[in-house]
Each structure stands twice: as C-alpha cells, then as structure tokens.
Protein chains: 2
Amino acid sequence: MDLGSVVGRMRGRGYKATPQRVAVLEALGADQHQSMEELRGRCPEVGLVTIYRTLDLLGRLGLVRRLDLGDGPRYELAESHHHHLICESCGDISEFEECPLDVERLPLQNSGFEASSHSLEVYGRCAVCQ
Amino acid sequence: MDLGSVVGRMRGRGYKATPQRVAVLEALGADQHQSMEELRGRCPEVGLVTIYRTLDLLGRLGLVRRLDLGDGPRYELAESHHHHLICESCGDISEFEECPLDVERLPLQNSGFEASSHSLEVYGRCAVCQ
DNA sequence: TCGCTAACTGAAACTCTTTTTCGTTTATGA
DNA sequence: TCATAAACGAAAAAGAGTTTCAGTTAGCGA
C-alpha cells in the first residue's frame, strides 16, 4: 500500500493527513519492527505525543501493528505479514514470510471463535550466537 | 512439576526457598496467564518488589514465561505449553493445547537459527462477541 | 541445636514510558 | 478566503518497573 492511498483512506474517514502523520508513516516504512526510539530518530520534527497518537490512530485504522517481542513495544506496517525469529542471546530479530501454520489444526470450529489475524514468534539462538 | 521439586531445584542452584517465593509460585499455579494485578491479589502478603524479583528469578530458571498479549505483560508457569485465542472485542483470553505449527515449514535449516520455544497468538472475535 | 553469613525482603525514592491537559495552530471543505 | 473541527506540542501527571539500603532470615556448618 502506497502513501497516497493511505492518505486517501484517512481523509475518507474524516481524519486529517497532516505532515506529522505522513512523517510517521514514512518512518514506519523505513524498516521493520521499530522501537519508539528508532521511530523518533526517523522523524525528529514530530513531537513525541503526536507519534504516540498517530500510532494509536493508525492502529485503529488497521494500518499499523504493535508487537511485543520481549524488549518493549515495536511497531510495523500491517501490510507486511510475517513472523519473527528472536535470538534470546543477542536480541537480534529476523523475519520470515512463509506462514508455517496448519490452519486445519486451529481449534476454531468448535469454539465459535472467528480469527482475523495471528502472531507467531520463535525464540532461540541465532547462527552467530551459537 | 510440583512445588517440592521446584523448591529443590532452587536450593540446588543456591537460591533460597523463602515463603514469599513459594507464595508467588502458588499464585502462579492458581490460574493461567495472570497479570501483575491478579498475582498481587493472590499473594497480598508479598511485597511488590519481591514479586517482580521472584518472577525475574523464576524466568531465568526457565520456570516462568512472560507473555504479552496486547494488554500489558502476563505470567504463566512454563510447564503449561499452549497457545492463545484473544478476543479483540472483549479482551477474553482462552487457550488451546494442540500446536498447529508445521515444524517442517519453519525456515530453520538455512538460517542456522536454533529454536528453543515459540509463542503463537490468534486474534479475532470470540463466540459471545459475534 | 545454635550461630554465622550470604541471600533476601520491603519501604521509599527514583527512572522511564505513556497519557492527559490545555492553549495554540492548521488542514480542509464551503 | 474563511470558519472550524481536528490536530499539535509543551508541561504536568500518571503508571509501571527498578534501585537503594537498612534490617531480616534461610540454610549451612559446627
């Protein structure tokens, strides 16, 4: 999803496409699963409060996902569905695309639960740390 | 794993099995994925600082797992390996035992990553909220 | 069983992250 | 261009978690 369509989607729902919001979106697009500190560094002209509010808004619009991989919250664009390999030794995070989930084995039929998304993290030791 | 063996394991590593630590362990055993607030309610005689320190110690011993399911951290005994269905509407959390992961499809061979554990959460709407 | 000591506890103070408040500014539609 | 609801940001507040430190205790050895 490109920036233009995101801006259009925001306007369509009655939200203003301010320069600050666009800056946060661009910061989010620059890398995967960034911490607040990293995001701040990518848009230093935007006030801290505004970053928090923008992430909240984008989250409610379904455009941004909030992760918690062990060391504080991280944020990523929701379009990038992937999973994480987290090294418990050095903290490095890498991602993989293919979803190793066997949907048939999810206990959804009997429970009446309707799944909309999921999150999978694999913890262990990366190649460097072994 | 029963309380006795946990106490034995702690002593064996040079840690003392104090009444406070036992109380936290019993509180953990009372329910799944509890918040700090719930744990506090289950062992009100233990100081807040000691609960944090005990959870940290038990985590390092591999006896307790820390979860983050969207609303702050939660804690559970590591012995109970299961996954979570989280209702985004009412916040209810239920768990299921069977692991729907297709290990063959995990990209571990080529990456050199050595997995030791994983965490899977499915988000959606529970039967009641639909 | 007793006493020693390293380990442990908890109240208070502190740090860090996130949220709220409120006066000012601005994107957008008419 | 103008009006105005929405948004911004600085400061203050709230909240979660950590550190400090003086007093207490579990567990070992005698």
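Chain A approaches DNA chain D within less than 4.0 angstrom (heavy atoms of the protein), and the contacting nucleotides run 5' to 3' from D/dA5 to D/dA11.
Residue contacts shown for A/R21 are limited to sugar-phosphate atoms, with no base heavy atom under 4.0 Å away. Nucleic acid contact class of A/L48 (heavy atoms, under 4.0 Å, all strands): base.
Counting only heavy atoms from C-beta on, B/V49 has its side chain closest to C/dA11 among C/dA11, C/dA27, C/dC8. Taking only side-chain atoms of A/K16, from C-beta outward, the nucleotide of C/dA27, C/dA6, C/dT18 with the closest atom is C/dA27.
Contact annotation: A/R11 side-chain N/O to C/dT28 OP1/OP2 distance is under 4.0 Å. For the pair B/T18 and C/dC8, the criterion of a side-chain N or O lying under 4.0 Å from OP1 or OP2 is not met.
With no hydrogens or angles considered, a side-chain donor-acceptor pair links A/S119 and A/E121 at under 3.5 Å. In summary, the side chains of A/S116 and B/E88 do present a donor paired with an acceptor at a separation below 3.5 Å, with no hydrogens or angles considered. Looking only at atom types and distance, the side chain of B/E97 has no donor-acceptor partner in the side chain of B/H83 under 3.5 Å away.
Of the two residues contacting DNA chain D, namely B/P73 and A/I51, the nearest-nucleotide position lying further toward the 5' end is that of A/I51. Between A/E37 and A/A17, it is A/E37 whose nearest contact on DNA chain C lies nearer the 5' terminus. Between A/L57 and B/Y52, it is A/L57 whose nearest contact on DNA chain D lies nearer the 5' terminus.
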Audit row: B/L108, B/E114, side chain to side chain contact (heavy atoms under 4.5 Å, CB included) steps and yes/no
CA-CA 7 Å; B/L108 300 177; B/E114 185 180 285; over 6 Å; no
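Spacing between atom CG of B/L58 and atom C1' of C/dC8 amounts to 14 Å, rounded to whole angstrom units. Going from atom CZ of A/R40 over to atom P of C/dC16 covers 13 Å, rounded to whole Å. For B/M10 and C/dC8, the CE to C1' distance is 11 Å, given to the nearest whole Å.
Applying the side-chain contact (heavy atoms from CB on, under 4.5 Å) test between A/L39 and each of A/L55, A/V24, A/V46 identifies A/L55 as the sole match.
Hydrophobic clustering (ILVMFWY, side-chain heavy atoms < 4.5 Å, transitive): A/Y15 and A/L25 are in one cluster.
Ionic pairing of B/E26 and B/R42 is not present here: no N-O contact between side-chain nitrogen and carboxylate oxygen is shorter than 4.0 angstrom.
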